[in-house]
Protein chains: 2
Amino acid sequence: MAKQNTVFKDAYNRCLKLLAETSSLPSEPELGQVLGVSRTTVRAILSRFEEAQLIAWDKRKKNVLRQPRPDDYFPTEETDSLAEIIERSFMRRILAGGAEPGMQINELELAREIGTGTTSVREFLIRFSRFGLIEKRPNSHWILKGFTREFALELTEVREMFELRSAARFVSLPDDHPAWEELREIETLHREMLADIDNRYREFSELDEQFHLLVHKASSNRFIVDFYDIIAIVFHYHYQWNKTNARQRNARALEEHLAYIEALRSHDPAKAEQACRRHLQSARETLLQSIP
Amino acid sequence: MAKQNTVFKDAYNRCLKLLAETSSLPSEPELGQVLGVSRTTVRAILSRFEEAQLIAWDKRKKNVLRQPRPDDYFPTEETDSLAEIIERSFMRRILAGGAEPGMQINELELAREIGTGTTSVREFLIRFSRFGLIEKRPNSHWILKGFTREFALELTEVREMFELRSAARFVSLPDDHPAWEELREIETLHREMLADIDNRYREFSELDEQFHLLVHKASSNRFIVDFYDIIAIVFHYHYQWNKTNARQRNARALEEHLAYIEALRSHDPAKAEQACRRHLQSARETLLQSIP
DNA sequence: GATCTGTCTATTGTAGATAAAAGACAGAAC
DNA sequence: GTTCTGTCTTTTATCTACAATAGACAGATC
């Protein structure tokens, strides 16, 4: 197989949802826009819809014939891109399995285990190497440096420098900057989640990422914003992995975020710095606690 | 061709130099150590030496038969790894040629131009993307973000944060830390270069990199040290590219480095910070001046 | 008994091939 | 005249294959 058609399958599934809500589909370019794919893919989807007798398609007319059934959808396993699959497998291995620092990583073995070609694994490792968890020996293997205490400390050190600076920039953003509106929306989400924390605490990870990314973006510095990728991936998998006291930890973090948001709103740099420091410190502690 | 044998050719050339200075070569493992290659490659080199009647090889005896001639060496173009070739071609294109921001980058076209396969170009672009100069549109092309004024400002902002912190760490290193010895050596090189500045100012680039890397390493933070790669590559090509007033600029930078080194030596954080700031500011100005 | 060599195997780096996806262009439909 | 569709070309994502290189092991040499 040369290329997975995951783009097609994922867009197909999303298009099925659109189809469920209307009696006739819009033009090809418009669909492409909405689904974020090219017209080639849109046309492939429409052809398949026609085959499945979901629509009657004649040039500009795309009339819906019937509602989609559950078995019209492609199974979700088939809609993930190869890169996502590799990332998940790899993170599971290094976080859960025997992740001793110094271990060698073998491209071929990884590829076989994941059931994919070496090229994709190799490209993943190259991309992943910027996270500082692995290192390449040219013409030879990769070395796992491990998710160690040092790693966490180095990561949080930089994170704190960057986030403090970003928060300082944030407070001085002009009032008509769209970030303020976004901050307000995020605040609302925080309050909603906190009101129903027992049921919703698992959703915190995503909101956490959204909030901190917004803060980092205020730096207008691509290196600072890009660095947030590293933090996000570490915390993302960290949340999946370490579930002890999750409810309580997340509730506390939500409270801290709210204080932090309020401080940003005050436009007072000193208040913002203080709230930021307080939250970052507890985030750091949480992370460190999870490392043996 | 599956794999270039540049490792072999480069090691062969270096081994020729060793051969010129002795009457018999050491053991295979020792040669591998010295040349930084595996025994397989060492044995390939020895075989070739034998064919070229440079040595008489019988098990542990590797007696030199004649001195190497200039034409025994492989031409230097053949000893560069593919990655180096691609990097150079690419940097030339984006720094010298029409480097309008927003331009699309085409893997296939680049590969054809450089005369290599797409895989290598692709991997290079992935690795290079962490420098923030290009960005990928999945399933589609890369976009050149360009060596712009914003890029330089964002880069120097982070650089200054990192270097100030590293310098602060440096002054508090214990007296027996090897960094102090290295600093002394670097200082000597500075004085030597300054004494013969008219002839040697072109060598500054390399010394500059060595010095700042030493400072960054004091941070003991892999993210800070890794970030220095970006600075190094930008300044490296920048020096090659912008030669106006090179002599004068480099002389000034050398003086600033010496003041900076002295401040580090004083163990006084305030002095170090001041000297660091002063130098970073002029480095920033120099960089900005070269951008249209 | 330590180190070296001969031989063999496993893995990486790179090219080439191919399906999926993007995108360009001309003519058709509004 | 703008937007859409049909068709075609180009480019990317991925697999497979193979030479270069690394690395392992047993027996030879010191």
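So that the names make sense, note that chain A is the first sequence line, chain B the second, and so on, each numbered from 1.
For the pair A:E30 CD and D:dT5 P, the interatomic distance rounds to 10 Å; values are reported in whole Å. When the C1' atom of D:dC18 is taken as reference, atom CD of B:Q4 falls 14 Å away, rounded to whole Å. We find that CD1 of B:I85 is positioned 13 Å from C1' of C:dG13, with the value rounded to whole Å. Atom CD in A:E28 sits about 16 Å away from atom P in C:dA24, given to the nearest Å. If you measure from atom CD of A:E107 to atom P of D:dA17, you get 18 Å, rounded to the nearest angstrom. For the pair B:L25 CG and C:dC4 C1', the computed distance is 15 Å after rounding to whole Å.
Judged by distance alone with a 3.5 Å cut-off, no donor-acceptor contact links the side chain of B:K59 to the base of C:dT5. At a cut-off of 3.5 angstrom, counting only N and O atoms as typed in the model, there is a donor on one side and an acceptor on the other between the side-chain of A:K3 and the base of D:dT12.
Mapping A:S38 and A:R112 onto DNA chain C by nearest heavy atom places A:R112 closer to the 5' end of the strand. If you find the closest nucleotide of DNA chain C to A:R137 and to B:P29, the one lying nearer the 5' end belongs to B:P29.
Figure legend: A:R159 and A:F235 shown as a cation-pi pair, the cationic atom lying under 6.0 angstrom from the six-membered ring centre and within 45 degrees of its axis.
Aromatic pair A:Y12/A:F49: centroids less than 6.0 angstrom apart. Aromatic ring centres of B:F162 and A:F162: separated by under 6.0 Å. For B:F223 and A:F151, the ring centers are positioned less than 6.0 Å apart.
Counting non-hydrogen atoms under 4.0 angstrom, A:K61 reaches nothing in the nucleic acid. Here B:S27 lies in heavy-atom contact (under 4.0 Å) with sugar-phosphate atoms only. Here B:T119 lies in heavy-atom contact (under 4.0 Å) with a base. Nucleic acid contact for A:S140: sugar-phosphate only, since backbone atoms but no base atoms lie under 4.0 Å from a heavy atom of the residue. In this structure, A:K9 reaches neither bases nor backbone, as no heavy-atom distance under 4.0 Å exists between it and the strands shown. Nucleic acid contact class of B:E109 (heavy atoms, under 4.0 Å, all strands): none. Among the atoms of the strands shown, base atoms are found under 4.0 Å from some heavy atom of A:T118. In this structure, B:T40 reaches the bases: a heavy-atom distance under 4.0 Å links it to at least one base atom across the strands shown.
Using a 4.0 Å cut-off, no side-chain N or O of B:T6 falls inside it from OP1 or OP2 of D:dA20. OP1 or OP2 of D:dT10 has not a single side-chain nitrogen or oxygen of B:H141 nearer than 4.0 Å. Side-chain nitrogen and oxygen atoms of B:T41 include none within less than 4.0 Å of the OP1 or OP2 phosphate oxygen of D:dA20. In this structure, A:N106 reaches the C:dT12 phosphate: one of its side-chain N or O atoms is under 4.0 Å from OP1 or OP2.
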Stepwise side chain to side chain contact (heavy atoms under 4.5 Å, CB included) test for A:D58 and A:N63: CA-CA 9 Å; A:D58 181 43; A:N63 293 320; over 6 Å; no
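Evaluated for a side-chain hydrogen bond (donor to acceptor under 3.5 Å, both in side chains) with B:D72, the options B:Q67, B:R66, B:R48 yield exactly one hit, B:R66.
Counting only heavy atoms from C-beta on, A:R39 has its side chain closest to D:dG6 among D:dG6, D:dA19, D:dT12. Set against C:dT14, D:dT12, D:dG6, the side chain of A:R43 has D:dG6 as its closest nucleotide. Considering only side-chain atoms of B:R60, the nucleotide from C:dG13, D:dT29, C:dG6 that sits closest is D:dT29.
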